[in-house]
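Numbers restart at 1 for each chain; the letters A, B, ... are given by sequence-line order, proteins then strands. Below, each value reflects all heavy atoms present in this structure, side chains not excepted, and no hydrogens, waters or symmetry copies.
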2 protein chains.
Amino acid sequence: MGARAPRPGVPVRGSESGRPVMAALDLLGRRWTMRILWELSQAPTGFRELQRRCERMSSSVLSTRLDELTGARLLTLHSDGYHLTPLGQDLVEALSPLDAWSRRWARETDNAAAED
Amino acid sequence: MGARAPRPGVPVRGSESGRPVMAALDLLGRRWTMRILWELSQAPTGFRELQRRCERMSSSVLSTRLDELTGARLLTLHSDGYHLTPLGQDLVEALSPLDAWSRRWARETDNAAAED
DNA sequence: GATAGTGATTCGAAAATCGAAGCAAGGGAT
DNA sequence: ATCCCTTGCTTCGATTTTCGAATCACTATC
């Protein structure tokens with residue numbers, strides 16, 4: 001349970017500045033991180049079920065990510081599984097335009113493929 | 001120049017479904033990807049300068065990412081450097097709430113640290 | 001021709017991720 | 001109590017990704 005998650009105000013990979021957004025980009029740019037947040041925004045979920053929903057992500061990485069996100073105060077673990085904190089919910093809301101964007105991306109990718 | 005970038009409509013890591021948002025989460029969850037988009041949203045930038053701005057990210061990964069993002073039609077290369085396409089600009093706009101969120105995160109992290 | 005800048009590749013080393021197996025704890029049910 | 005099942009989570013060897021310094025091929029300028 002190491003506290004090696006990026007935090008705002010601390011140098012992170014790719015930025016000595018400590019700018020908060022750089023810490024966020026480091027945290028979110030790790031494999032499965034955004035996916036975990038995405039899944040938890042649907043419903044609180046236990047460890048093994050979370051692993052199932054992410055199509056068998058490795059348990060060791062899941063454990064590491066849950067540590068990081070808990071350390072970043074975006075998650076908490078209760079009896080009914082992992083929850084987003086209010087801060088974590090805000091993050092998911094901040095990321096929510098991604099869904100609409102990705103559909104536009106899909107449309108344009110189809111169009112481009114049709115032209116090739 | 002492999003075409004191994006995630007694309008909407010195709011199974012990606014963690015999702016066989018081909019749901020566009022899953023492809024987006026896979027693409028964006030690779031190291032440096034969001035940071036590159038973030039830097040390019042400020043100004044078109046050449047390969048070496050991009051590497052400098054990201055505090056010496058390795059050139060091999062930069063090259064791979066630029067391939068992926070170009071293949072995903074989010075970037076193009078012109079004489080004055082790499083540009084976001086309109087689609088890429090939309091993506092950065094979709095991600096822009098992250099900046100405000102990260103500042104809130106920083107505030108709450110400070111508060112929490114003060115309580116400990 | 002020499003020098004310097006560019007985008008990009010190579011390749012051995014280091015770090016991150018994978019995944020199957022297993023551990024310890026907590027219920028039920030018998 | 002024992003057996004059985006599920007849980008959150010760890011271990012560890014194998015695989016994949018990332019690193020980073022050197023280098024290539026090309027262009028422009030002198």
Side-chain angles (χ1 to χ4, degrees), chain A residues 1-6 11-16 22-23 25-37 39-40 43-72 74-84, chain B residues 1-6 11-16 22-23 25-37 39-40 43-72 74-84:
Chain A
M1 42 192 74
R4 53 213 173 341
V12 294
R13 183 173 46 204
S15 175
E16 302 296 326
M22 293 303 162
L25 292 179
D26 184 3
L27 182 66
L28 298 177
R30 299 178 177 196
R31 200 154 296 168
W32 297 111
T33 301
M34 286 190 290
R35 175 65 179 272
I36 290 169
L37 293 169
E39 292 295 337
L40 288 181
T45 313
F47 187 98
R48 277 170 131 99
E49 157 125 23
L50 201 45
Q51 190 179 9
R52 261 174 246 127
R53 285 205 207 165
C54 294
E55 278 161 73
R56 316 208 149 279
M57 130 179 63
S58 89
S59 55
S60 47
V61 176
L62 177 54
S63 186
T64 302
R65 293 292 172 270
L66 290 172
D67 270 2
E68 291 168 356
L69 291 170
T70 301
L74 307 183
L75 301 185
T76 54
L77 172 59
H78 292 157
S79 57
D80 58 341
Y82 285 92
H83 281 260
L84 293 179
Chain B
M1 45 192 72
R4 55 211 172 337
V12 295
R13 183 172 50 204
S15 175
E16 302 296 325
M22 293 303 162
L25 293 179
D26 184 4
L27 181 65
L28 298 177
R30 300 179 176 195
R31 202 151 295 167
W32 298 112
T33 301
M34 286 190 290
R35 175 63 179 273
I36 290 169
L37 293 168
E39 292 295 338
L40 287 180
T45 313
F47 186 99
R48 279 169 130 99
E49 158 128 22
L50 202 44
Q51 190 180 8
R52 261 174 246 127
R53 285 205 207 167
C54 294
E55 279 162 72
R56 316 206 147 279
M57 128 179 66
S58 89
S59 57
S60 47
V61 177
L62 177 53
S63 186
T64 302
R65 293 292 172 270
L66 291 172
D67 268 3
E68 290 168 356
L69 291 171
T70 301
L74 306 184
L75 302 185
T76 53
L77 173 59
H78 292 158
S79 56
D80 58 341
Y82 285 92
H83 281 259
L84 293 179

Chemist: Give a yes/no answer on whether the side chain of Arg30(B) brings an N or O atom under 4.0 Å of OP1 or OP2 in dA16(C).
Modeler: no
Chemist: Rounded to the nearest angstrom, tell me the gap between atom CG in Asp80(B) and atom P in dT6(C).
Modeler: 14 Å
Chemist: Determine the contact category for Arg48(B): base if any of its heavy atoms lies under 4.0 Å from a base atom, sugar-phosphate if only primed atoms, P, OP1 or OP2 are that close, otherwise nothing.
Modeler: base
Chemist: Contact between Val61(A) and Arg31(A) at the side-chain level, heavy atoms closer than 4.5 Å - yes or no?
Modeler: no
Chemist: Think Trp32(A) has a side-chain N or O under 4.0 angstrom from the OP1 or OP2 of dA16(C)?
Modeler: no
Chemist: Looking only at the side chain of Leu66(A) (C-beta and beyond, no hydrogens), which of the listed nucleotides dT17(C), dC9(D), dT18(D) gets closest?
Modeler: dC9(D)
Chemist: What I'd like to find out is whether the side chain of Leu40(B) reaches to under 4.5 Å of the side chain of His83(B), using heavy atoms alone.
Modeler: no
Chemist: What is the distance, to the nearest angstrom, from the CG atom on Leu75(B) to the P atom on dA8(C)?
Modeler: 11 Å
Chemist: Are Leu84(B) and Thr76(B) packed together at the side-chain level, in the sense that at least one heavy-atom pair is separated by less than 4.5 angstrom?
Modeler: no
Chemist: Rounding to an integer number of Å, can you tell me how far Leu62(A) CG sits from dC18(C) P?
Modeler: 10 Å
Chemist: Is any side-chain heavy atom of Thr70(A) less than 4.5 Å from a side-chain heavy atom of Leu77(A)?
Modeler: no
Chemist: Atom CE of Met57(B) and atom CG of Leu62(B): how far apart are they, to the nearest 0.5 Å?
Modeler: 4.5 Å
Chemist: How many whole angstroms separate atom CG of Leu69(B) from atom P of dG7(C)?
Modeler: 16 Å
Chemist: Using heavy-atom distances to pick each residue's nearest nucleotide on DNA chain D, tell me which of Arg31(B) and Gly46(A) is more 5'.
Modeler: Gly46(A)
Chemist: For DNA chain C, whose closest nucleotide is more 5', that of Arg52(B) or that of Ser60(B)?
Modeler: Arg52(B)
Chemist: Could you check which of dG20(D), dT9(C), dG8(D) has an atom nearest any side-chain atom of Tyr82(A)?
Modeler: dG8(D)
Chemist: Find the distance Phe47(B):CZ to dA4(C):C1' and express it as a whole number of Å.
Modeler: 18 Å
Chemist: Rounded to whole angstroms, how far apart are CG on Asp26(A) and P on dT18(D)?
Modeler: 13 Å
Chemist: Rounded to whole Å, please give me the gap between CE in Met57(B) and P in dA14(C).
Modeler: 22 Å
Chemist: Check this one for me: any side-chain N or O of Ser63(B) less than 4.0 Å away from OP1 or OP2 of dT9(C)?
Modeler: yes
Chemist: Atom CD of Glu49(A) and atom C1' of dT6(D): how far apart are they, to the nearest Å?
Modeler: 13 Å
Chemist: Can a donor-acceptor pair under 3.5 Å be found between the side-chain atoms of Ser59(A) and the base atoms of dT10(D)?
Modeler: yes
Chemist: Between Arg65(A) and dT17(C), does any side-chain N or O lie under 4.0 Å from OP1 or OP2?
Modeler: yes
